[in-house]
Each structure stands twice: as structure tokens, then as C-alpha cells.
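One structure below.
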Number of protein chains: 2
Amino acid sequence: MATREGPRPGGRSARVQASVHKAVQTLLATHERTEVTVPLIAAEAGVTPSTIYRRWGDLQELLADVAVERLRPDMVPVDTGSFGSDLMAWAEQYAEEMSSGPGREMIRDVLAAQDGSGAYQCCNFTRQQIETIAERAEERGEFFPDVETVMDGVVAPIMYRILFGGAPDAAHVERLVRASLAAKPAP
Amino acid sequence: MATREGPRPGGRSARVQASVHKAVQTLLATHERTEVTVPLIAAEAGVTPSTIYRRWGDLQELLADVAVERLRPDMVPVDTGSFGSDLMAWAEQYAEEMSSGPGREMIRDVLAAQDGSGAYQCCNFTRQQIETIAERAEERGEFFPDVETVMDGVVAPIMYRILFGGAPDAAHVERLVRASLAAKPAP
DNA sequence: AGCATAAAAGCAAATTATTTGCTTTTAGCG
DNA sequence: CGCTAAAAGCAAATAATTTGCTTTTATGCT
């Protein structure tokens, strides 16, 4: 009896996943959201709809899966010399990317899925970025606020406003960053 | 030519809306989420599916519409004598309600809808609750932080953690409230 | 009050999406 | 080099959604 655990890289399973993901991205870029259906994605990817339904369950799970991949950071936060300016630069870029049309749609897709693991992953992507900035600060011997303080003080307000109200402006982001820098080192 | 603007209270339109909303709530309480379909809601409400599709567009918009109604606060925040304890009591209840299974589902429904107005409304419900607490503080002659400071410092972190990670615990909420109370009166 | 009108609901056929049972392909294993 | 289990294809069956047309109904006007 041959027992396996997960799909191996390069196998058929991985190829289907790749072509479906690519098809979704292509279609999202060229069509209205409501026009992007499972049968359309299947045709674009060269697979049958039942393959998609069996692997992902429904359109929302697939969209969430694709969105998580696209939200994965592809760069290390820039090193500007200090925790404060690193965080400021990162937060400005984060706010801008997430406020954009595509950014908002990806967040929506992730949150709309039944499976909450995508949202958790995205949160961790962000946390890791901040941890990177924090580790550099530590190496420099700087004082810097706790990562969770930054999540609460900078990330959460940016995301809350993108999701529930108008996008935060640059001045607002700046204020959030400054306030979290002022947090006491050890509460 | 008879010209009208919107549906009048008590008209047929309002009755259909009421029975559909009620049907959705009944079904959400008794069925798995994926089992709640437009045809099922229509049958429960005693209307035809096409009525629902024409009025709401799709299931998600309808669920969002119902969720917004359910998220509308039905009580004024309790008056405990000071801004700090009012806010603490309110935040604890808010975190608990929103972290619950039904609370999380309602938020998800609101955010998943294409029409972003539901999220905006929910944000305003919350803002109004905090404004009520702030107005009472003003009448007492207390100092208190700006409402937007509370939105950023208390509401946003609670909501962010509910949406993206584990629900915040009571100690965390308490810390958030204390921190926002310490904010300087005029930045 | 009674008629005219526009908005909304019902109905049913057409279309589209989803599910499912069964067959075929494929990658990895001995 | 065949065996096996997982995944994909195929196609029929089911379910959801859309749509054109008819009917109902609340309201404004005379």
C-alpha cells in the first residue's frame, strides 16, 4: 500500500493549482468581479469545473486562496536606519497597497471565505514584516515598542478604516506610527 | 402621473422586507450557513425567489442587509459615572458580542457584500455609541480622548483581532482602554 | 369614492451553476 | 514494470439564477 501525505511539487496536482491560480488572476484583471465564475475560470485554466469544486469547494474559497498568495509580502521592509523610519515607511506603503482597489478586494476575498485560516495567515505575514523591522532595531540596540503594540496601534487602525470606512490618509498613518513609537518600553 | 420616492411604511414592499428578514434570521438560527439559500429563504418568507433576487441582487447582499440590522445597537451604553468606566464597560461588551459565533458571522456578512455601505453603517453605529459616552463625559466636565482616538485605539484593535486572529481576551481589551484614556487631550 | 399609474410581486421558461457517480489518467512505490 | 491511491475528466442530474411577461397593489388625482 502506497501512502502519501501531500501533493508533491511538480506533480499534476501542483500544475492544476498553478494554472487555476493564474487563470483567476488573469480573469480578475480583465473582468468584472461578478463575471468571474467557476466555469469561466475552469475554461481559462484548461480544467473541468468539477476539479475546481472538488479541490476548493466553492468560488469564495478559491478566491480567498488566490488572494492570500497575492497578499504574501514579496519584499523585506526597507532598512532606513532606525525603527521609527522603517516602521513609518512600511506603514505608508502598507496603507497605500491595502487601500487600493485590488488590495481591498483581496482582503475582502480572504475575509469572506468560510475557512478563517487565510485571514490568520495574512495577519502573520504582517506580523512577520514588523518582526523583521524589530529584529533590526534590536541589532542596532534601539528601544522599540512590542510587536503586538504595533499591530494594535498601527496595523489594526489602518485595516479597520479600510474595511469599515474611508481609507486612512497619509497624515493619519503618520500619527498612528508616532503614537505607537511613544509607547513605553515595558508596561 | 403619480410619482413616488421610496417605499412607504406599512406598504406591501415593507411587509415583504420584514418577512424576508425574519425568514433569514429564522433559517440562520436553525440551519448550517451553506444550507441557507435564496429559494429556501423565499419559501420560508412566502415570496418567490425572483422577488428576492430583484430586490437584493444576491444572497450576500441580503445577508449583509439583515446583519446590519442585527448589528444596530438596541441600547444606550450604560452610565457608570465616568468616561473611563463607561468606555471599559462598553468595550468589554462589544468585544464579547462581536467575538461570539453569531457576531463574527454578521461582521463577515457585512464585509462580504459588494455594497460597502453596510460596513460604513456599522462603523457609524459604533462611533455613535462612543459619542454618547463622550457627550456624557462632556456634561460632567471630564477630560476625555477624541472619539477617533478611541476608534483607533480600542475599536480597531478589537475588530482586527476578531477578523484576522484569535478574539482578544478581557485583559487585552482592558489594556487597550487604559492606553486610550492616557492619550493627551490636545495633540 | 373611483380611476389611472407606477412600482413591486408572481409565474414559468430559459439559462447557468453546482453536485455527483463513474471512468480514466497519472505520479509514486515496491 | 506493474500496482495503487489520489486527482482529473466526463456527463447526467439537480439546484440556483435570470428574465420576459402578467397580475397585484398602494397611492395620487379628479
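In what follows, chains are A, B, ... by sequence order, proteins preceding strands, each numbered from 1.
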Lys/Arg-Asp/Glu bridge criterion (N-O < 4.0 Å) met for A/Arg161, B/Glu148: yes
Rounded to whole Å, how long is the line connecting atom CZ of A/Arg55 with atom C1' of D/dA6? 11 Å
Which nucleotide, C/dA17, D/dA8, C/dA9, lies nearest any side-chain atom of A/Thr37? C/dA17
Is the backbone N or O of B/Asp86 less than 3.5 Å from a side-chain atom of B/Thr80, with the two atoms forming a donor-acceptor pair by type? yes
Check: D/dG20 base within 3.5 Å donor-acceptor of B/Arg54 side chain: yes
Between C/dA9 and B/Arg15, is there an OP1 or OP2 to side-chain N/O distance shorter than 4.0 Å? no
Within this structure, what is the CD1-to-P distance between B/Ile52 and C/dA8, rounded to whole angstrom? 16 Å
Over how many whole Å does the gap from B/Trp56 atom CH2 to C/dA9 atom C1' extend? 12 Å
Within less than 4.0 Å of OP1 or OP2 of D/dA6, is there a side-chain N or O belonging to A/Arg12? no
Take atom CD1 of B/Ile41 and atom P of D/dA16, then tell me their distance rounded to the nearest Å. 11 Å
Going from CD on A/Glu35 to OG1 on A/Thr30, what distance comes out if it is rounded to the nearest 0.5 angstrom? 9.0 Å
Would you give the length of the straight line joining atom CZ of B/Phe83 to atom CZ of B/Arg140, rounded to the nearest 0.5 angstrom? 9.5 Å
B/Asp58 has an atom CG; how far is it from atom C1' of C/dT16, in whole Å? 15 Å
Can you tell me if the side-chain N/O atoms of A/Thr48 get under 4.0 Å from OP1 or OP2 in D/dG9? yes
By nearest-heavy-atom nucleotide on DNA chain C, the more 5' of B/Gln17 and A/Leu59 is B/Gln17
Where the side chain of A/Ser50 is defined as all heavy atoms beyond and including C-beta, which of D/dA8, C/dA8, C/dT20 is the nearest nucleotide? C/dT20
